J.: 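Quick one: structure below, then a few questions.
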Amino acid sequence: MGSKLSQWTKLSPWSVVSFTFNNFRLLLTNAYAILPFVYTGWNQGFDSPWMIAATSAILLLILVASIVKWLKFRYRLQDQQLDILSGLLFTKADKIPFNKIQNVRMQQPFYFRPVGLYSLVVETAGSKHDEASLAAIPYRHAIRLKKQLLAASQQAHTSLNSDAAQNIASSEHTISTANTAQGLASSTLVSKSFTDLIKFGFYQNNFLWFAIIAGPIFSQLPWEDILEIQAVNDGLDWYLAITQGNIGLQAIVVILAILLSYMLFSMISIVSAILKYFPYKLSLQQDTLHRTGGVLAKQHDAMRLKRIQVVRFSQPIFGRIFKLWTIDFKQVKGHEVEKRGQHMLVPSMSSHDIANLLPQLEQLSIQAHALPPQRQGIHPLWFWRRLSWLILAATIISAASVQWLGIPELAPIIMLVVGIMIAVNYLTYRQWGFHKSDNDLWIHKGTFARAWHCLPLSKVQHVNLMQTPSQRKRGLATLYIGLASGTLELPYIELSQARAIAEHALSLVTSDNRNWI
Amino acid sequence: MTSDNQRPPQRNEQATAQVDHTILSTRQWQGFDQVQLTPVDPRYSSALALEHLFLAIVVLTIATLVTMVILGLPTMLVLSIVSGLFIMLIITGFVRQAQSKRLAFGVCQHELLLQKGIIWQQRISLPYTRLQHVSLSQGPIERRFQLSTLKCFSAGSGSAEIDLPGLEKSQAEQLRQHLLTQAGLVADNVDTESEGITDGQ
């Protein structure tokens, strides 16, 4: 098979549409590039001839660039690698060896939906921008390409792995791919209903962060101008009329307004969750996880279980109400699937669902079958240290503001800020902890929200044991565990425990020569 | 050099030897944070002092020019700002000297150890099996002192897991070779193992 694939192939002309959209998105994301236009438009009116000329010139340029890209774009699958040639003036030759392929993602942007075409995104284990995209591929061909890329990369990997079981699995895999294009045994692990996704959208929304970020922005708005607007004026009159200076009523109106904007925010979050994930399905084919779903753009993500470095179970504040968790699979940093928003996640999982799911993922490097029942907290000294520093800082600044700067009004504000910081630190302290079982290390952390990170110690890349003099005196240590997905911190735990965890990881890793990323 | 007796067996020995009869080094009955490590070359402190001197000259000159010529501040203010900077530079100079004295490393059988920090005392271990990339660099001041900086990278993060300055040049080159061989040995092991399994089937 694949004799046709080994020839240089052009993409379908439809890819011009995709290139155009990509270039357009690139232009918009580099928003500073269009700032001069917006500014001139603002000054001279958007219907000024210059404006129209410049806009159409840009659009034309984008279109021409896209057509040129399509004309020069070639790809082939040969010698265990994917070759891509592109570029007019600077010809770019990408060679992606199959064994460097991390994921192959099929997605269907909305503009390809009417014509039934797909984009195939190949993610690699190289640098951050090493990602190839084949646009406008018909469904059957896309499936075939994906199968071939994944199967080949899988073979390349299993030959690296000394695992006998894996070799058997891969030979089965070869047979089944040889038999039929779609004959792979696939078992559905998780599927999520409409209501599950509504719940997910509700508990996942970031209203709190929005409020924190939006606060300063709102204070920058020209409120005098806004108050001139009739509608705002009417609203304000209405507000004054019904509250009539009653503080209780005013508070109620403010709370209602916050609730209302919260509901609005939730609605947006819910709608986007459904557009992005419905109908959600997570399935397992051999050792690869597949996620499908999406209303606007049909997405199909694949991720090899062996590649997963850390599994994160997170629970935002509102997730606690439903007792639901979101599962993320973390890969090597720099080429996560979730580069543009999180793709490979499992929404709305109860701890019962988690206990059902984990045992089915045998190839996953973590051994745990459920969330840990308890955790061991970090030493209170962590909190006392921060408390004393904060109080010291607050005292000095307030004293300075009263004594030398002559602004005593500043003192209560500083006290308030420091009070909030102390509360945040206390909540963080209460949540931070760990649980070790077999070769897994679980780290629990969070402030308002919370998350369990499950680290397979066999994936550890480096360990760092840190001690300050005060920690040394009390036999405590801070342990940093470096994985390919990032470094995790476990502060102020007992030295003997930190050492035991580090030595356990080292003993697993120093004798394990298999590819871990 | 402690690393000499901890040098792992050569490649051909490893292929035949089934049982490793080497006496355990203290490393194996101590935690990785307890073993005694080798300090970096004493010339590193001098190199650092010279570098700091250059830094101080540049910073003080710029500060004087900016405050006097550009901002046109009164002489007393200029003097106090510059002397404040001077004191800060002296303090950081001492801190950096103390840091260079703490810097130590150890080449173990399976991993590279690094110790650093005065207040936040760190002990880092990077196993050879997780070594992705080694780089050796030499700045102008280091070149004068015949020193090199060794950096070891693992996957994922952009920054070096191990950043070890102050190695004597030839020793650094030797260490780099050793690390590469170790990483290579690992890769070779992978090859032979998988071959063994295909033969067996």
Side-chain angles (χ1 to χ4, degrees), chain A residues 125 127-128 157-168 171 309-310 330-336 458-472 477-480 482-487 495-496 498-500 502-503 505-517, chain B residues 8 14 20 27-35 108-133 152-163 182-201:
Chain A
S127 74
K128 281 175 192 168
H157 275 286
T158 40
S159 71
L160 274 172
N161 286 332
S162 48
D163 225 291
Q166 267 231 316
N167 267 356
I168 295 162
S171 59
Q309 305 285 322
V310 168
K330 297 211 161 198
Q331 277 191 299
V332 184
K333 208 174 172 181
H335 15 83
E336 297 97 336
S458 57
K459 295 271 187 192
V460 169
Q461 293 194 134
H462 79 273
V463 288
N464 183 350
L465 195 89
M466 193 195 76
Q467 278 187 305
T468 61
S470 69
Q471 284 182 320
R472 199 172 279 268
T478 296
L479 183 67
Y480 296 93
L483 291 118
S485 57
T487 301
L495 176 62
S496 56
R499 189 181 289 148
E503 292 289 342
L506 289 176
S507 75
L508 287 176
V509 166
T510 47
S511 57
D512 181 7
N513 297 327
R514 288 170 301 168
N515 187 4
W516 75 103
I517 50 173
Chain B
Q14 199 163 17
D20 194 358
R27 163 72 189 90
Q28 269 132 313
W29 35 275
Q30 281 184 323
F32 80 106
D33 57 315
Q34 292 164 306
V35 267
C108 300
Q109 188 175 358
H110 295 295
E111 79 226 280
L112 186 61
L113 295 180
L114 179 77
Q115 163 188 290
K116 65 177 183 187
I118 319 161
I119 295 176
W120 290 273
Q121 297 183 351
Q122 297 181 50
R123 189 58 83 92
I124 302 165
S125 165
L126 178 66
Y128 301 137
T129 48
R130 298 299 186 247
L131 191 61
Q132 288 274 86
H133 168 62
C152 298
F153 296 84
S154 207
S157 69
S159 58
E161 269 75 15
I162 284 193
D163 185 349
Q182 287 302 314
L185 272 182
V186 169
D188 285 357
N189 274 353
V190 174
D191 286 349
T192 46
E193 270 174 38
S194 57
E195 270 168 32
I197 277 169
T198 8
D199 287 346
Q201 277 183 337

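Just so we're on the same page: letters track the sequence lines, and every chain starts at 1. This structure is a prediction, so every number in the text was calculated from the model and none was measured.
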J.: Supply the atom-to-atom distance A:His462 NE2 to B:Phe153 CZ, rounded to the nearest 0.5 angstrom.
T.: 12.5 Å
J.: Is it the case that the side chain of A:Gln467 and the backbone of B:Trp120 share a donor-acceptor pair, with hydrogens and angles ignored and the cut-off at 3.5 Å?
T.: no
J.: Answer yes or no: is there a donor N or O on one side and an acceptor on the other, between the side chain of B:Thr129 and the main chain of A:Val509, under 3.5 Å?
T.: yes
J.: Which one of B:Leu131, B:Leu126, B:Ile119 has the most heavy-atom pairs closer than 4.5 Å to chain A?
T.: B:Ile119
J.: Considering only heavy atoms, which portion of B:Gln132 lies under 4.5 Å from any heavy atom of chain A: side chain, backbone, both, or neither?
T.: side chain
J.: Atom CG in A:Leu506, atom CZ in B:Phe32: separation rounded to 0.5 Å?
T.: 6.0 Å
J.: How far does CD of A:Glu503 sit from OG of B:Ser125, to the nearest 0.5 angstrom?
T.: 8.0 Å
J.: Looking at every heavy atom in both B:Pro127 and A:Gln461, which two are closest together, and how far apart are they?
T.: CD-O, 3.2 Å
J.: Could you tell me which residues satisfy side-chain contact (heavy atoms from CB on, under 4.5 Å) with B:Gln122, sequence neighbours excluded, listed by chain and number?
T.: A:Asn464, A:Met466, B:Lys116, B:Ile124
J.: Would you kindly say whether B:Gln121 and A:Arg472 are connected by a side-chain donor-acceptor distance under 3.5 Å?
T.: yes
J.: Atom CG in A:Leu465, atom CG in B:Asp33: separation rounded to 0.5 Å?
T.: 5.0 Å
J.: Kindly write out the residues that satisfy salt bridge (charged side-chain N to carboxylate O under 4.0 Å, His left out) with B:Arg130, not counting sequence neighbours, or none if the list is empty.
T.: A:Asp512
J.: Where is the tightest heavy-atom contact between B:Ala155 and A:Val332, given as atom of each residue plus distance?
T.: CB-CG1, 4.5 Å
J.: With a 4.5 Å cut-off on side-chain heavy atoms, are A:Trp516 and B:Ser154 touching?
T.: yes
